Amino acid sequence: MRHGAPSTTPTTTVVKPVVLADAAAVAERVAALLLADRLRPERPLGLATGRTMEPVYASLARRLGRLEPALAARVRDTWCSFNLDEYVGLAPQDPTSFAATMARQLVAPLGLDPGRVWLPDGRADDPEAEARRYGAAVAGAGGIGLQVLGLGLNGHVGFNEPPSDAGVACRCVTLSDHTRRQNAGAFGGDPDAVPRQAITLGMAEILSARRVLLVVTGAEKAAVLRRALAEPPTAELPASWLQHHPGVTVIADTGAMG
Ligand code: GLP
């Protein structure tokens with residue numbers, strides 16, 4: 001860089017993961033952080049779907065059930081969350097949609113008002129317009145406070161597939177074959193049954209969150225997690241952009257640490 005030229009390179013944070021024994025311990029820790037956020041809600045919560053998150057929501061429901069009733073009622077009454085993504089073409093009633101997944105795993109067990117749990121509309125006639133509307137809705141609600149993320153095996157977060165630059169906003173994306181294979185379990189094991197497109201919050205919205213919590217469990221994620229934390233940030237590994245976020249916490253189990 002020339003002397004005196006303004007720096008355009010964002011600061012890279014060295015992220016040291018919080019390492020816990022197993023997926024159950026990770027779920028407990030993440031659920032505790034989510035509940036703490038909801039007890040002092042400042043901005044909307046950003047939520048993810050996926051196998052990693054299932055035990056987190058189960059723990060959150062147990063924790064809410066143990067709260068003093070008035071406090072639990074306040075959490076419910078002030079709840080506001082935006083999910084990262086939704087498949088294009090799936091209605092909320094479709095059991096494989098992320099809306100249905102959140103209804104089963106979060107809304108029902110916590111006793112939330114479904115109108116306080118937002119997701120993109122997978123059935124919108126114009127998915128690109130829906131993505132713009134959803135991104136604007138997140139911004140209009142003040143942006144995300146605490147954003148929880150799972151990690152795709154190819155380094156995606158949300159459905160920001162490689163390559164995704166740090167500045168990409170909420171949009172309609174084409175899913176990679178890799179991701180469709182990863183998510184085939186929810187579609188009877190058939191990758192061809194997984195929708196080809198999704199609407200996802202972009203890296204821009206994710207990196208604008210006040211705090212980011214990347215949750216990673218299982219040995220199959222060890223290689224991609226290591227790369228995401230250690231390699232110079234690149235569009236080829238979207239999770240690596242998190243190194244530019246000053247408020248990122250990685251919570252992983254020993255399996256994911258390799
Ligand atoms: C999915 C979702 C992500 C999720 C990730 C990990 O495709 N779009 O939001 O976090 O991949 O999924 P899993 O937790 O099932 O490994």
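All values derive from a computational prediction rather than experimental measurement. Whatever order the structure lists them in is the order used to number ligands and atoms, beginning at 1.
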| said: Give me the atom names and distance for the closest heavy-atom approach of Met257 to Ala222. | reply: C-CB, 4.5 Å

| Closest approach of any protein heavy atom to atom 4 (C) of ligand 1, naming residue and atom | Thr49 O, 3.5 Å

| Which atoms of ligand 1 sit under 4.0 Å from any heavy atom of Asn183? | 1 (C), 7 (O)

| said: Can you tell me if Lys221 contacts ligand 1 (heavy atom of the residue under 4.0 Å from the ligand)? | reply: yes

| Looking at Arg133 and Glu130, does any basic side-chain N land under 4.0 Å from a carboxylate oxygen? | yes

| said: Within the 4.0 Å heavy-atom shell around Gly150, which atoms of ligand 1 are there? | reply: 10 (O)

| request: Anything under 30° is parallel, anything over 60° is perpendicular, the rest tilted; go ahead and classify Phe159 against Tyr87. | output: tilted

| Above 12 or not: heavy atoms from other molecules or residues under 6.0 Å from CH2 of Trp79? | yes

| query | Which part of Val157 is near ligand 1, with near meaning a heavy atom under 4.0 Å away: side chain, backbone, both or neither? | reply | neither

| Part of Gln182 within contact of ligand 1 (heavy atoms, under 4.0 Å) | side chain

| note | of all protein heavy atoms, closest to atom 8 (N) of ligand 1 is Asp85 OD2, 2.9 Å

| Atom CZ of Arg227: over 12 foreign heavy atoms under 6.0 Å | no

| message | Please determine whether a side-chain nitrogen of the Lys or Arg among Glu231 and Arg226 lies less than 4.0 Å from a carboxylate oxygen of the Asp or Glu. | response | no

| query | Is a salt bridge present between Arg62 and Glu28, judged by a nitrogen-to-oxygen distance below 4.0 Å? | reply | yes

| Where's the contact between Leu151 and ligand 1, heavy-atom distance under 4.0 Å: side chain, backbone, both or neither? | backbone

| message | Among Ala186, Gly158, Gly50, which one puts a heavy atom closest to atom 3 (C) of ligand 1? | response | Gly158

| request: Enumerate the atoms of ligand 1 whose separation from the nearest heavy atom of His156 is less than 4.0 angstrom. | output: 1 (C), 5 (C), 7 (O), 11 (O)

| message | Take a 6.0 Å sphere around CZ of Arg29 and say whether it holds more than 12 heavy atoms from other residues, nucleotides or ligands. | response | no

| said: Please list, in number order, the atoms of ligand 1 under 4.0 Å from a heavy atom of Thr52. | reply: 13 (P), 14 (O), 16 (O)

| remark: Here the atoms of ligand 1 under 4.0 Å from any heavy atom belonging to Phe159 are 7 (O), 8 (N)

